[in-house]
Amino acid sequence: MSETIDILGVPIHYVTMDGSCTAVADMMSEPHVHQICTVNPEFVMRAQEDDDFRRVLYGADLCLADGIGLVMASRHLRPDAPLPERVPGSELVYHLAELCARNGWRLFLLGAAEGVAAEAGELLTAKYPELVIAGTYSGSPALAENDEIVARINRSAADMLYVAYGAPKQDKWIARNLEQLTSVRVALGVGGSLDFITGRSVRAPRWVQNLGLEWLHRLVLEPWRWRRMLALPRFVWAIIWRGSR
Ligand code: UDP
């Protein structure tokens with residue numbers, strides 16, 4: 001895989017959206033399971049305090065710059081070698097579903113509220129008629145449900161897995177089950193992407209995204225996130241401080 005830039009101890013890969021899809025296609029040709037994390041500044045700040053989460057991000061096969069904050073941080077830390085672009089997980093889920101449809105790979109959707117994964121599966125198959133949804137299940141990241149969920153995914157013979165339990169739960173879920181997943185070759189933490197697919201959450205208009213303000217749009221629509229999003233100013237401060245050393 002491509003090189004990484006270290007952002008406050010978290011390695012982020014130098015890849016574009018196209019490059020990410022190519023990397024995933026390569027991973028799918030290998031017999032073992034790979035983990036992909038869609039990283040934003042909240043992940044990075046969480047990893048400062050959560051050693052397990054930092055280890056998960058460190059061990060992932062691909063850490064993508066999901067948040068614009070990471071691209072901006074890379075410009076500050078490495079003006080000579082910034083990250084090429086943002087790779088939003090909420091867009092990647094469509095590209096990879098299309099890749100699955102083209103290659104006959106079976107996709108399993110895990111997580112989100114009851115019924116959301118099933119509805120997202122229907123909407124994806126309407127968009128990509130060749131796509132085979134191996135299964136959908138809401139479940140929970142609780143340890144008590146772990147083995148039953150893994151068995152369900154293995155029975156489905158899924159090739160690719162989206163896990164929508166939010167960070168860090170989804171990424172820890174994938175990491176602790178890598179050895180137990182028998183057919184999956186790529187497992188991806190997708191955060192709120194299934195909610196976006198089903199229209200339960202709405203992405204910012206393109207011009208707001210282009211201004212790098214998608215996070216602000218989300219805060220306005222989902223104000224209960226304010227406490228979690230305090231990580232953003234802490235992230236900016238930490239990057240400025242690190243870059244000036
Ligand atoms: N979620 C879940 N179980 C949990 C926690 C979260 O199914 O125990 C789901 C939630 O319904 C949502 C998704 O995880 O669909 C992502 O949650 P959130 O929006 O908090 O994640 P983010 O997009 O901020 O990573």
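Just follow the structure's listing: the first ligand is 1, and inside any ligand the first atom is 1.
Between Arg46 and Asp171 no salt bridge is recorded (no basic side-chain N to carboxylate O distance below 4.0 Å). Using a 4.0 Å cut-off between a side-chain N of Lys or Arg and a carboxylate O of Asp or Glu, Arg86 and Glu214 qualify as a salt bridge. Note on Arg234 versus Glu49: salt bridge recorded, some NZ/NE/NH1/NH2 to OD/OE distance being below 4.0 Å.
Within 6.0 Å of the NZ atom in Lys169, the count of heavy atoms belonging to other residues, nucleotides or ligands does not exceed 12. The number of heavy atoms from other shown groups lying within 6.0 Å of CH2 (Trp215) does not exceed 12. In the displayed structure, Met72 atom CE is contacted under 6.0 Å by at most 12 heavy atoms of other residues, nucleotides or ligands. Within 6.0 Å of atom CD in Glu179, 12 or fewer heavy atoms from other residues, nucleotides or ligands are found, so the atom counts as exposed in its surroundings.
Near Arg228, with a cut-off below 4.0 Å to any heavy atom, the atoms of ligand 1 are 20 (O), 24 (O). Residue Arg218 approaches ligand 1 through these ligand atoms, each under 4.0 Å from one of its heavy atoms: 19 (O), 23 (O), 24 (O). Atoms of ligand 1 found under 4.0 Å from any heavy atom of Pro141 (numbered from 1 in listed order, with element): 8 (O).
Of the candidates Trp173, Tyr165, Phe196, it is Tyr165 that places a heavy atom closest to atom 6 (C) of ligand 1.
Using the six-membered ring where Trp is involved, Phe53 and Phe43 have ring planes that are tilted, between 30° and 60° apart.
From the protein, the heavy atom lying nearest to atom 21 (O) of ligand 1 is Gly166 CA, 3.6 Å. Summary of contacts: the protein heavy atom closest to atom 7 (O) of ligand 1 is Ala112 N, 3.0 Å. The shortest contact between atom 23 (O) of ligand 1 and any protein heavy atom is with Gly192 N, 2.9 Å. When hydrogens are left out, the protein atom nearest atom 13 (C) of ligand 1 is Gly191 O, 3.4 Å; that is the closest non-hydrogen contact. Nearest protein heavy-atom contact of atom 19 (O) of ligand 1 is Arg225 NH2, 2.6 Å. Protein heavy atom nearest atom 14 (O) of ligand 1, with residue, atom name and distance: Ala164 O, 3.0 Å.
Here's the thing with Gly111: none of its N/O atoms is less than 3.5 angstrom from an N/O atom of ligand 1. Residue Gln170 places no N or O, backbone or side chain, under 3.5 Å from any N or O of ligand 1.
Put simply, part of Ala113 is less than 4.0 Å from ligand 1, judged by heavy atoms. Within the structure, the closest approach of Asp195 to ligand 1 falls below 4.0 Å when heavy atoms are considered. Using a 4.0 angstrom heavy-atom cutoff, Glu222 does not count as in contact with ligand 1. Every heavy atom of Met229 sits 4.0 Å or more from the atoms of ligand 1.
In Lys169, the part holding a heavy atom less than 4.0 Å from any atom of ligand 1 is the side chain. Neither the backbone nor the side chain of Ser201 comes within 4.0 Å of ligand 1, counting heavy atoms alone.
At least one side-chain heavy atom of Leu92 sits less than 4.5 Å from a side-chain heavy atom of Leu188.
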Name the atoms and distances for all side-chain donor-acceptor pairs under 3.5 Å in residues 151-161, with sequence neighbours left out.
unit_1: Asn154; atom_1: OD1; unit_2: Thr182; atom_2: N; d: 2.9
unit_1: Asn154; atom_1: OD1; unit_2: Thr182; atom_2: OG1; d: 3.1
unit_1: Asn154; atom_1: ND2; unit_2: Gln180; atom_2: O; d: 2.9
unit_1: Ser156; atom_1: OG; unit_2: Ile153; atom_2: O; d: 2.6
unit_1: Ser156; atom_1: OG; unit_2: Ala158; atom_2: N; d: 3.2
unit_1: Asp159; atom_1: OD1; unit_2: Arg185; atom_2: NH2; d: 2.4
unit_1: Asp159; atom_1: OD2; unit_2: Arg106; atom_2: N; d: 2.6

Check: residues 127-139 side-chain donor-acceptor pairs under 3.5 Å, at least two apart:
unit_1: Tyr128; atom_1: OH; unit_2: Tyr94; atom_2: O; d: 3.4
unit_1: Ser138; atom_1: OG; unit_2: Ala112; atom_2: O; d: 2.8

